[in-house]
Participant: 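Let me give you the structure first, and then I'll get to my questions.
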Amino acid sequence: QVQLVESGGGSVQAGGSLRLSCAVSRLTISTYCMGWFRQAPGKEREGVATMDSSGVTSYAEAVKGRFTISQDNAKNTLYLQMNSLKLEDTAMYSCAAQPWVNCNGGFGTLARTTYWGQGTQVTVSS
């Protein structure tokens with residue numbers, strides 16, 4: 001079956017960086033709308049970034065200029081480079097895949113997919 005496995009989370013001080021990975025099996029990410037979401041304790045899940053099959057990206061306002069989504073098609077892996085981390089970036093980060101070539105439906109549409117990873121925890125401390 002389809003599997004999305006995140007890794008790379010951890011604890012980091014504010015201002016630091018982390019790179020998350022999402023290794024995918026049984027689907028070809030280059031033909032999917034891919035994305036990252038996060039959920040902090042007591043808060044709703046929110047979209048972070050998306051990338052479509054053409055490489056077009058979009059970002060939540062809160063992470064623009066600090067986070068970069070990318071993918072390695074040869075490894076069938078999605079990445080999220082997170083720089084200048086802030087305390088409010090603390091959350092469980094999950095990757096998602098939607099079998100559409102574009103992400104025009106935005107985070108809300110992508111969030112309705114059935115293809116999710118289990119998540120990786122990111123904790124930012126002062």
Participant: Can you name the closest pair of heavy atoms from L20 and G9 and give their distance?
Facilitator: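 So the two residues come closest at CD2-N, 3.6 Å.
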
Participant: Main chain of L27, side chain of N76: is a donor-acceptor contact present, judged purely on distance under 3.5 Å?
Facilitator: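 Yes; at least one donor-acceptor contact below 3.5 Å.
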
Participant: Partners of W116 by ring-ring contact (aromatic ring centres under 6.0 Å, His included), sequence neighbours excluded?
Facilitator: F37

Participant: To check you understand the geometry: which heavy-atom pair defines the closest contact between D72 and I29, and what is its length?
Facilitator: O-CD1, 4.3 Å

Participant: With side chains defined as the heavy atoms from C-beta onward, is the minimum distance between V24 and L78 less than 4.5 Å?
Facilitator: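 Result no, sub-4.5 Å side-chain heavy-atom pair not found.
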
Participant: State, to 0.1 Å, how close Q71 and N73 come at their nearest heavy-atom pair, and which atoms those are.
Facilitator: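 Closest heavy-atom pair between Q71 and N73: NE2-OD1, 2.9 Å.
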
Participant: Which heavy atom of N83 sits nearest a heavy atom of S17, and at what distance?
Facilitator: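 In this case the closest contact between N83 and S17 is OD1-OG, 2.9 Å.
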
Participant: Could you give the distance from OG (S58) to CD1 (I69), rounded to the nearest 0.5 Å?
Facilitator: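 The CD1 atom of I69 is 7.5 Å from OG of S58, to the nearest 0.5 Å.
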
Participant: To the nearest 0.5 Å, tell me how far L18 CG sits from S11 OG.
Facilitator: 8.5 Å

Participant: How many angstroms lie between CE in M51 and OG1 in T68, if you round to the nearest 0.5 Å?
Facilitator: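 Interatomic distance, M51 CE to T68 OG1, rounded to 0.5 Å: 9.0 Å.
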
Participant: Using the rule given for side chain to side chain contact (heavy atoms under 4.5 Å, CB included), can you reason through S7 versus T120, listing the C-alpha separation, both sets of side-chain angles and the distance that settles it, and then say yes or no?
Facilitator: CA-CA 6 Å; S7 61; T120 186; 5.6 Å; no

Participant: Determine whether Y93 and Y59 fall in the same hydrophobic cluster, where Ile, Leu, Val, Met, Phe, Trp and Tyr are linked whenever their side-chain heavy atoms lie under 4.5 Å apart.
Facilitator: yes

Participant: What pair of heavy atoms forms the shortest contact from A40 to A91, and how long is it?
Facilitator: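 Shortest heavy-atom separation between A40 and A91 comes out as N-CB, 3.8 Å.
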
Participant: Write down the atom of Q98, the atom of L110, and the distance for their closest heavy-atom approach.
Facilitator: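 Here Q98 and L110 meet closest at CB-CD1, 3.4 Å.
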
Participant: I'd like to check the side chain to side chain donor-acceptor pair (under 3.5 Å) partners of D89; sequence neighbours left out, ordered by chain and number.
Facilitator: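 If we apply the side chain to side chain donor-acceptor pair (under 3.5 Å) test to D89, skipping adjacent residues, the hits are R38, R66.
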
Participant: Roughly how far, to the nearest 0.5 Å, is CD of Q13 from OG of S125?
Facilitator: 5.5 Å

Participant: Determine whether a donor-acceptor pair (N or O, by modelled atom type, separation under 3.5 Å) exists between the side chain of Q121 and the backbone of G10.
Facilitator: no

Participant: Among residues at least two apart in sequence or on other chains, which ones pass side-chain contact (heavy atoms from CB on, under 4.5 Å) with S53?
Facilitator: V101

Participant: Using modelled atom types and a 3.5 Å cut-off, is there a donor and acceptor pairing between side-chain atoms of E6 and backbone atoms of C95?
Facilitator: yes

Participant: Are V5 and V122 connected in a single hydrophobic cluster, I mean Ile/Leu/Val/Met/Phe/Trp/Tyr linked by side-chain heavy atoms less than 4.5 Å apart?
Facilitator: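 As far as the 4.5 Å side-chain criterion goes, V5 and V122 are not connected within one cluster.
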
Participant: M34 and F107: same hydrophobic cluster, using ILVMFWY side-chain contacts below 4.5 Å?
Facilitator: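 In one cluster: no.
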
Participant: Does L87 offer a backbone N or O that forms a donor-acceptor pair with the side chain of T90 under 3.5 Å?
Facilitator: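 Indeed, once roles are kept as given, a pair shorter than 3.5 Å links the two residues.
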
Participant: Do the side chain of T31 and the main chain of T28 share a donor and acceptor less than 3.5 angstrom apart?
Facilitator: yes

Participant: Would you check if the side chain of T113 reaches a backbone N or O of Y115 as a donor-acceptor pair within less than 3.5 Å?
Facilitator: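 Checked: pair present.
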
Participant: Can Y79 be reached from W36 by stepping across I, L, V, M, F, W or Y side chains whose heavy atoms are under 4.5 Å apart?
Facilitator: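 No.
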
Participant: So, taking the atom named OH in Y32 and the one named SG in C103, what distance separates them when rounded to the nearest 0.5 Å?
Facilitator: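 One finds 12.5 Å between OH of Y32 and SG of C103.
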
Participant: Between V56 and N102, is a side chain to side chain contact (heavy atoms under 4.5 Å, CB included) present by the stated rule, with each step listed?
Facilitator: CA-CA 8 Å; V56 175; N102 63 60; over 6 Å; no

Participant: Side chain to side chain contact (heavy atoms under 4.5 Å, CB included), that's the test. Do T50 and T57 meet it? Break it down for me.
Facilitator: CA-CA 5 Å; T50 64; T57 60; over 6 Å; no

